[in-house]
Every structure is written in C-alpha cells, then in structure tokens.
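Because the structure is a prediction, the values reported are computed rather than measured.
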Amino acid sequence: MRTIKMKYPTQIRQRSIDGKLYVMEAIRDLDEAIDLICEAMTPEEQLDPFAEDLCPYFGILWPAAEALAQYIGNKPELVKNKTVLELGCGLGFPALVASHLGGKVLATDFHPDVEEYFLRNCRHSSVHCDYMRLNWREESSVGQFDVVMGSDVLYESKHPKEVARGLIRYAKPGGKIILSDPGRSYLQQFMNAMNDEGHKEEIVTLTIDQKEVFVIEYTV
C-alpha cells in the first residue's frame, strides 16, 4: 500500500487545563476527510486490507484523548520528571499536557500524516515534544518508559491482547500504564489480558461532552 499524503480542511480546537491553553489543529469533518482519501486512492487500493490504516481517524479530538489529558492534568506528579511514551497519539493532546507538566515525552503514531499535525500543534501550543513514527505492534528499539499511555486504541477484535502486550513491553518495572477508553466492546477483554499478565487496574470515570470515558491506570 503506497503512502498517500493528504491536505485536509482543518479547524482550531482550544482546551485549557490548569490555566494552560492548548491549541490544536484538527480535521474539520471526518466524513469529508474520508471521502477525500478515498478519492485519492485507486479502486484497487480501496480494496487493500491496509487501506483502513490510512483513514484519518487521528485528526479528530476524541473524548478519550481529552479525558486522558485531563487525568494527567489532575495528577501532574504522574509525569513530572518522568519519561513518557504515548502510543497512537493522533493530535497529541495528552502528550502536550504531559510535556508541559515536566515529562520527557515521546509521542508516537503509525499514520503517515500524524507527524505534520502533531508538530503543528506543538507550535500552536508553545510546547516542545519529540515525535517518532512507530507501529506499537512490532518490536522497537525505543526502550522503556516510566509512563506508557494511550487513548481509544481498542477498536478491533485483535487489539485487547496486542495493546496489553505493547503497553507492558514499553513500561519500566514499577512504571505506570494509563489507558483511556470510551467504553468500547473490547475494553473488558483488554483488562482481562492485563489481569492475566498480573496487573490489576484502578479505574476513574470522567465526563467529556456529556459522555463517560474510563481512565484505567496500572502499576507494572
């Protein structure tokens, strides 16, 4: 599957956490963006199983990302002076908050368009944060981190065990794993997979735009 770079219509989304304003440039409309990427593909590419990986889901400020950012903002001691890895960062709101609060953050995603949007949002928000394109399903040399976090990454049947193993792989012994999820059908399977690995969760429920989001924290 070839890499297709797209320019999507965008809009500015602003959020404030503990007096700090975060400015994010997001895709204006997801359906519009999906139509644009489909138009750019050949009929054969549209039938490719990997075509789904190019869908611009990353470009929306999802409630789970807002909940994770808010959770970190409420508990800055989790990230201050800590190494932090965000998997599937998308627009990068949680990574920006963690970096502003004193974390040494590496934001990662596999979608080819994420880096441009993420670095743009770093500039918009006057926050420095490192970025790397990373497929968390594969082995990597990025090392281990004090905190490994992700938001809304459980949307396929194969994800629960893959996500659990990926998060654990990148976490230092004694470190933290934090995952936010809007209550997708695979959440319980993920928690079961983490329990099978010997890790017990602590769960907090946050309300974002009148929607409940679960934030699950583990100590590795």
Side-chain angles (χ1 to χ4, degrees), residues 1-17 20-43 45-73 86-100 105-136 149-156 159 163 179-184 206-211 213:
M1 187 74 193
R2 69 187 172 103
T3 297
I4 303 174
K5 298 292 288 182
M6 297 294 298
K7 297 291 185 182
Y8 298 108
T10 60
Q11 62 181 353
I12 295 298
R13 307 290 299 275
Q14 297 185 354
R15 296 292 186 270
S16 181
I17 293 182
K20 165 64 178 174
L21 181 65
Y22 297 90
V23 181
M24 284 153 292
E25 190 170 343
I27 286 174
R28 183 176 66 189
D29 181 87
L30 183 58
D31 290 337
E32 175 186 45
I34 290 173
D35 287 343
L36 289 172
I37 187 68
C38 287
E39 290 172 6
M41 292 180 183
T42 65
E45 286 173 331
Q46 292 183 32
L47 296 175
D48 191 314
F50 293 101
E52 182 73 13
D53 291 340
L54 292 180
C55 281
Y57 299 122
F58 74 88
I60 303 299
L61 184 56
W62 297 104
E66 293 201 53
L68 181 56
Q70 188 177 113
Y71 184 81
I72 294 167
E86 183 175 8
L87 300 176
C89 69
L91 296 177
F93 189 18
L96 294 179
V97 174
S99 185
H100 176 70
V105 183
L106 176 62
T108 67
D109 204 295
F110 185 64
H111 195 290
D113 287 328
V114 166
E115 182 173 13
E116 179 181 347
Y117 282 80
F118 176 77
L119 295 179
R120 198 181 296 171
N121 291 336
C122 287
R123 294 192 294 270
H124 291 332
S125 301
S126 300
V127 174
H128 170 77
C129 188
D130 292 328
Y131 177 85
M132 174 187 291
R133 190 179 182 198
L134 175 71
N135 184 348
W136 51 262
M149 61 184 185
S151 63
D152 208 354
V153 294
L154 300 168
Y155 46 85
E156 291 184 18
H159 280 172
V163 172
L179 188 81
S180 63
D181 189 273
R184 294 194 183 277
L206 299 179
T207 301
I208 305 294
D209 294 334
Q210 300 182 328
K211 298 176 182 178
V213 178

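- Annotation: salt bridge (Lys or Arg N to Asp or Glu O under 4.0 Å) contacts of Glu115 (sequence neighbours excluded): none.
- Closest approach of Asp152 to Pro182, counting heavy atoms only: OD1-CD, 3.5 Å.
- Using a 4.5 Å cut-off on side-chain heavy atoms (C-beta onward), Pro56 and Tyr8 make contact.
- By the ring-ring contact (aromatic ring centres under 6.0 Å, His included) test, Phe58 is found to be paired with His111, Tyr117, residues two or more places apart in sequence or in another chain being considered.
- Phe118 approaches Gly90 most closely through the heavy-atom pair CB-O, 4.2 Å.
- Considering every non-hydrogen atom in both Leu179 and Val153, the closest pair reads CD1-CG2, 3.6 Å.
- Residues Lys211 and Pro63 approach most closely at CD-CG, 4.4 Å, considering heavy atoms.
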Criterion side-chain contact (heavy atoms from CB on, under 4.5 Å) on Met132 and Leu106, from CA distance to verdict: CA-CA 7 Å; Met132 174 187 291; Leu106 176 62; 3.9 Å; yes
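- Lys20 places a side-chain N or O within donor-acceptor distance of the main-chain N or O of Ser125, the cut-off being under 3.5 Å.
- Residues that satisfy the salt bridge (Lys or Arg N to Asp or Glu O under 4.0 Å) test with Glu32, not counting sequence neighbours, are Arg28.
- Heavy-atom minimum distance, Pro112 versus Arg133: CD-NH2, 3.8 Å.
- For the side chain to side chain donor-acceptor pair (under 3.5 Å) test, residues two or more places apart in sequence or in another chain that qualify with Asn135 are Glu138.
- Among pairs with a residue in residues 61-70, those fulfilling side-chain hydrogen bond (donor to acceptor under 3.5 Å, both in side chains) read Arg15-Glu66, at least two apart in sequence or across chains.
- Rounding to the nearest 0.5 Å gives a distance of 9.5 Å between CG of Leu21 and OG of Ser126.
- Between the CG atom in Leu134 and the CG atom in Leu87 there is a gap of 6.5 Å [rounded to 0.5 Å].
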From CA spacing to verdict: side-chain contact (heavy atoms from CB on, under 4.5 Å), Glu25, Asn121: CA-CA 6 Å; Glu25 190 170 343; Asn121 291 336; 3.5 Å; yes
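- Every residue was checked against the side chain to side chain donor-acceptor pair (under 3.5 Å) condition with Arg13, not counting sequence neighbours, and none meets it.
- Every residue two or more places apart in sequence or in another chain was checked for a side chain to side chain donor-acceptor pair (under 3.5 Å) with Thr207, and none qualifies.
- The distance from the CD atom of Gln11 to the CG atom of Leu61 is 9.5 Å, given to the nearest 0.5 Å.
- Considering only residues two or more places apart in sequence or on other chains, Ala65 meets the side-chain contact (heavy atoms from CB on, under 4.5 Å) condition with Pro94, Ser151.
- Atom SG of Cys122 is separated from atom OH of Tyr131 by 11.0 Å, given to the nearest 0.5 angstrom.
- With Thr10 contributing its side chain and Ile27 its backbone, the two residues share no donor-acceptor pair below 3.5 Å.
- Side chain of Glu86 to main chain of Gly150: no donor-acceptor pair is present (N/O by atom type, distance under 3.5 Å, no hydrogens or angles).
- The CG atom of Leu91 sits 7.5 Å away from atom CD1 of Ile60, with the distance rounded to the nearest 0.5 Å.
- Residue pairs meeting the salt bridge (charged side-chain N to carboxylate O under 4.0 Å, His left out) criterion with at least one member in residues 121-130, sequence neighbours excluded, do not occur.
- Across all non-hydrogen atoms, the minimal contact from Cys89 to Val114 is SG-CG1, 3.9 Å.
- Under the side chain to side chain donor-acceptor pair (under 3.5 Å) criterion, His100 pairs with no residue, sequence neighbours left out.
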Full working for side-chain contact (heavy atoms from CB on, under 4.5 Å) between Val97 and Tyr71: CA-CA 10 Å; Val97 174; Tyr71 184 81; over 6 Å; no
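- Looking at residues two or more places apart in sequence or on another chain, you find no side-chain contact (heavy atoms from CB on, under 4.5 Å) involving Gln210.
- Here NE2 of His124 is found 11.0 Å from CG of Leu119. Values are rounded to the nearest 0.5 Å.
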